[in-house]
Amino acid sequence: MISLTLKADPDQFSRLDRSCNFVGSTSGNTVVHPHDRQGRRRFIRYSGWLMAAPFAWLAWRMERRDRGLQPPSRVLLPSPAADGVHFHGEVILVRQGGELRAFAARCMHLGCLIDQVRGEELQCPCHGSRYDLQGQVLQGPASGPLRQLELSGPDPDGRIEVSL
Amino acid sequence: MNSKRTYMPWRLWKETFGDLAIASLLFCLISGVILAIPYDIAAPYASLSRMLTANPYASLFRNLHYWSAQTFLLFSLLHLLDYLRQDAQQGLRPGMWTWLVLLLIPILFVMLSGFILKGDAESLQAGRILRSLLQSLPLVGETLAQAVLGQEENLQLIYVHHIATASILSVAVVYAHIRRLWASPRVLFLLLVLLLLLSLSITAPLHLPGKLALKGPWYFLGLQEALHWMARPAWSWLVAALFLGMLYLLRPASRRWARVLRAALLALGGVYLVLTLLGFFFRGEAWTWTPPWSEGQLDRINPYVLGPVSFRAGTSVNMDSLRPTALGRAESCLGCHRGMQGFSPAHEPGAIGCFSCHLGNPFAADKDRAHRGMLRVPGNLDHAQETCGRSGCHPEITLRVTRSIMATLNGMVHVNRFAFGEQDNPDGPAHVKDLGKGAADSHFRQLCASCHLGNPKAMPGPTDGISLGGGCNACHLSYSPGAERTFTAWQLSDSRGATWPRLHPRLTVDIPDERCFACHSRSGRISTSYAGWHETLMKAHEAHGVDSLRVLGDRRVFRFVASDVHHQAGMRCVDCHLSWELMGDGALYEHKEQQTRVRCGDCHFSGPPRRDGAPDTDLVRIGSLLGFDPSALPLLATGKGGYGMYHTRLMPDGRAVLLGKADGKPRLMRPPGPLCSEGTVHQRLDCATCHTAWAPTCIGCHNAYDAKLTSFDHLEGRFRQGGWEEYNGDFLADSPALGMMEEEGRIITVLPGMVMTVDTASWAGREGAPLFRRLFAPISAHTVQRRSLGCHECHLSANALGFGRGSLSLQGRGPEARWVFQARYASRDEDGLPEDAWTSFPGGKGGESTRRGLRPLSAEERRRMLRVGACLQCHEEGSAIMLSSLHDFPSLLGRLSPRCNDPGERGGLP
Ligand code: FES
């Protein structure tokens with residue numbers, strides 16, 4: 001009969017585990033062969049993961065579904081009367097020579113909200129990307145142009161509708 | 001066992017990094033739980049600003065939470081370094097080492113999520129970056145981003161992970177690592193003292209609204225700098241994975257490999273440290289390279305507010321200061337400045353707070369810190385981007401104004417240089433701020449540079465006839481009588497001890513004429529002329545008690561001549577002039593008339609009116625603020641630019657009215673008279689050519705430089721040795737001359753703008769004849785009279801034709817008849833022309849002007865005018881024959897009676 005009690009600190013425990021590969025514990029009077037014990041543990045661990053898998057799948061579906069339930073957003077903005085850059089949160093309106101363009105205000109590098117213009121350049125405050133008023137990158141790190149948004153209007157109240 | 005331990009300070013520290021980390025974690029957990037009481041996840045920024053401004057106890061707990069988190073991270077990293085130095089990881093179970101390496105992730109997440117939960121501008125950007133980084137992971141990216149961060153711009157899930165998921169994970173792993181969550185009392189005590197000292201003297205960061213430099217927390221600045229160089233930010237995951245991988249491999253690796261890995265980790269850490277230092281010290285607004293020694297950079301990079309937590313702040317709290325503004329923050333200003341009144345609704349403290357205009361520190365709870373960096377007089381153009389022009393307020397308008405002619409003075413700068421002979425034409429891009437130190441520019445700095453919108457107003461108080469500049473407030477700040485009274489009382493009380501005036505001046509779009517007066521009572525003097533006042537050369541004391549004389553604040557004396565008909569009708573400057581021409585449209589213009597939009601014919605039209613579907617959004621906004629209904633159509637539109645004039649109405653019977661912007665009173669807009677619209681002969685004439693009653697006219701000026709004089713440089717705001725002096729000759733209120741603006745083919749009114757000598761030799765410090773210039777300038781005199789000039793006032797006027805004042809008569813009869821001119825003013829030696837002439841009689845000399853393409857009437861145009869003038873010698877102006885001449889003058893010439901004295905086509909003229 002082997003009865004082994006380990007009360008050492010965890011690190012000692014682990015060292016023993018590593019050196020002897022012989023781990024056991026008292027469990028009443030029953031003696032369990034260490035190999036059986038390890039096998040059972042492994043079984044429990046794997047079946048635990050297996051049981052978690054369907055839930056993970058369900059959670060993944062839930063998240064996908066939730067994301068799909070976000071309605072597409074549109075915003076109504078005052079139509080700018082002057083040439084220049086107009087920031088409206090998620091939308092940047094640029095009017096040049098009477099022509100109006102709308103861009104998503106998210107920097108194409110890492111999605112920071114762009115809300116600064118210096119001269120004829122839109123500046124991202126986070127890592128310094130710069131875009132011209134056509135949305136093209138003048139200076140990285142961003143590598144792609146700003147996303148141009150569809151717009152319609154103006155309506156009789158002088159507002160334009162932008163789809164985000 | 002030897003119970004007596006040797007005292008070894010370095011060993012003590014070595015042993016306690018882990019302990020200190022545990023103690024920090026404990027304090028962080030406890031202070032976090034307490035901080036959750038005043039923290040509001042629905043309005044994080046507002047709740048934090050409320051703590052800072054009015055609840056020093058909450059602020060202290062926030063500081064404790066912040067500093068304990070920083071020490072936790074710092075001591076954990078030092079503990080790790082210590083492990084690596086001693087190779088201590090070899091003593092750990094393999095599973096435990098894996099967990100500890102992975103623990104770095106929740107630790108960094110819990111730190112970063114704490115940063116994001118501030119809810120200020122840089123936190124929100126950090127959240128967006130984290131989302132994008134997570135999304136960039138292949139396959140699981142989107143789901144992971146959603147699972148970690150939840151809905152866009154919503155902090156709820158991050159909060160849950162901050163207080164629960166990541167915290168529990170961290171605590172669990174730490175517990176599994178050392179089987180306790182407690183540190184020795186000595187370590188706890190030492191750390192508590194350190195944290196209290198830090199928390200009481202350095203306030204945890206909260207991003208100030210106007211600060212354009214957005215930076216992450218200090219431990220991520222290296223990453224932010226690295227990302228600046230990475231077009232594919234997803235690679236940063238590889239670097240992170242590499243780091244964690246190498247760390248993990250340290251344990252199973254052989255000794256030799258472990259050494260290599262340690263060196264690599266150290267090198268990686270070193271690079272990260274350098275990147276962090278670069279990011280912290282050398283990056284400014286929009287992550288631009290800004291060395292720490294450049295102006296303002298130290299302020300920009302320091303996220304902390306130094307100074308003790310003030311527990312007195314709680315005593316001066318009032319409810320106003322606790323209510324968050326519409327911008328989502330509470331401001332401490334109203335703790336002291338309670339009960340302020342007088343604002344327009346859009347500028348109420350409840351809407352935009354005080355900081356939006358006055359800057360300072362809205363989260364500081366004591367006066368000195370709150371007032372550091374404060375602007376007593378906001379609106380000046382050098383700060384306009386941080387105040388009126390801040391994002392969300394009026395950024396586009398500010399940009400327009402800074403480029404507008406009233407801010408650049410472009411035309412004036414060039415015309416002055418041209419007059420001084422320093423450039424060969426009056427055009428080009430220029431800005432008053434960029435004036436040099438040459439003769440012309442020094443003259444401008446001293447005599448002209450005070451009148452521009454960029455001239456900063458330094459002292460608060462009402463703008464009067466002599467206060468110039470002030471940016472946006474030059475026009476938009478209005479003191480009610482009450483506000484002016486309380487301000488004066490406060491000022492008289494030596495501004496000390498007395499209560500701050502409770503009545504704030506109002507920001508308004510209702511602009512009285514006085515706002516324009518300060519600058520426009522000079523140079524072209526359109527403000528004074530509009531009200532009927534003409535400047536004289538009299539001294540102020542001579543005007544005492546004379547009703548027809550008026551002394552301005554700057555002691556100049558004006559004589560009443562006749563006011564503009566629109567002034568008589570009670571119209572203000574802004575009843576004609578629209579925002580687009582006053583504040584510009586964003587384009588840079590060379591001369592003021594290019595920026596001007598409104599023409600007389602927009603209101604006084606014959607034929608079908610020019611209408612627009614609707615006014616643009618800018619005008620709708622201004623119109624609504626002034627109480628106009630923007631949907632009341634149809635409206636008139638300007639011919640130039642097609643701007644809908646919201647204060648005009650077109651009536652069903654075809655007539656049009658203008659509603660006063662101040663009084664709302666309708667004024668019928670009359671069509672032009674028959675002389676203007678009948679026939680085609682007068683179509684090229686500007687309305688002003690016939691309807692200008694008078695224009696202020698200077699004759700015989702001289703500018704000399706005196707090195708002994710002390711002058712004031714308005715641009716630099718300081719006195720200088722040496723200065724220019726202006727000497728005036730005659731000052732007349734007389735009819736202007738006529739000139740042809742070639743490009744537009746229009747005949748306009750002109751004045752002897754610069755018939756003068758400029759003593760450039762004295763400037764250069766040498767002997768020599770002064771430079772003589774004879775330049776005429778376009779003028780819109782703003783002295784419109786309803787009655788038009790008589791026909792002979794142009795057709796028989798030597799002045800109108802550009803020869804100067806004097807008598808012009810036809811001598812002799814028939815083909816032998818000759819026009820003869822007798823000048824009133826003597827001829828100048830320099831060019832042989834009379835003082836006030838633009839061109840010589842009968843023609844040939846002179847004719848320079850301050851505009852490209854502006855010339856005197858040509859010989860043929862003059863001949864044609866004088867041929868009509870010859871008829872006017874006998875025929876009455878309103879006679880049937882003269883009226884018929886409007887339609888077909890050539891056929892009249894074919895029916896001349898023998899008694900007519902027609903000088904023929906030339907009349908002795910070239
Ligand atoms: S997010 Fe714009 S530059 Fe990085």
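Predicted model only: the values in this text are computed from it and were never measured. Below, chains carry the letters A, B, ... as their sequence lines are ordered, and counting in each starts from 1.
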Counting heavy atoms not belonging to B:Trp235, are there more than 12 under 6.0 Å from its CH2?
no
Worked verdict on A:Gln123 versus B:Glu285 for side-chain contact (heavy atoms from CB on, under 4.5 Å)
CA-CA 10 Å; A:Gln123 292 184 331; B:Glu285 285 170 17; 5.9 Å; no
Verify the neighbour count for atom CD of A:Glu120: are there more than 12 heavy atoms of other residues, nucleotides or ligands below 6.0 Å?
no
Greatest number of heavy atom pairs closer than 4.5 Å to chain B - which of A:Cys107, A:Cys126, A:Gly111:
A:Cys126
What is the distance from atom NE2 of A:His109 to atom CG of B:Leu227, rounded to the nearest 0.5 Å?
5.5 Å
Tell me, side chain or backbone of A:Cys124 under 4.5 Å from chain B's heavy atoms, or both, or neither?
backbone
Would the distance check show the side chain of A:His86 and the main-chain N or O of B:Pro395 forming a donor-acceptor pair, the cut-off being under 3.5 Å?
no
Tell me, for B:Gln224 versus chain A, whether the close heavy atoms (under 4.5 Å) come from the side chain, the backbone, both or neither.
both
Can you check whether anything in residues 132-148 of chain B gets within less than 4.5 Å of chain A, heavy-atom wise, and list it by number?
B:Ser132, B:Leu133, B:Glu142, B:Thr143, B:Gln146
Look at B:Arg283, B:Gln151, B:Gln385, B:Arg403 and state which one has the largest set of heavy-atom pairs under 4.5 Å with chain A.
B:Gln151
Are A:Pro125 and B:Gln125 packed together at the side-chain level, in the sense that at least one heavy-atom pair is separated by less than 4.5 angstrom?
yes
How long is the straight-line distance from SG of A:Cys112 back to CG of B:Leu214, given to the nearest 0.5 Å?
7.5 Å
Would the number of heavy atoms belonging to other residues, nucleotides or ligands and lying under 6.0 Å from CD of A:Gln139 be above 12?
yes
Hey, does A:Pro141 have a side-chain heavy atom less than 4.5 Å from the side chain of B:His228?
yes
Is there a side-chain contact between B:Arg128 and A:Leu110, using heavy atoms and a 4.5 Å cut-off?
no
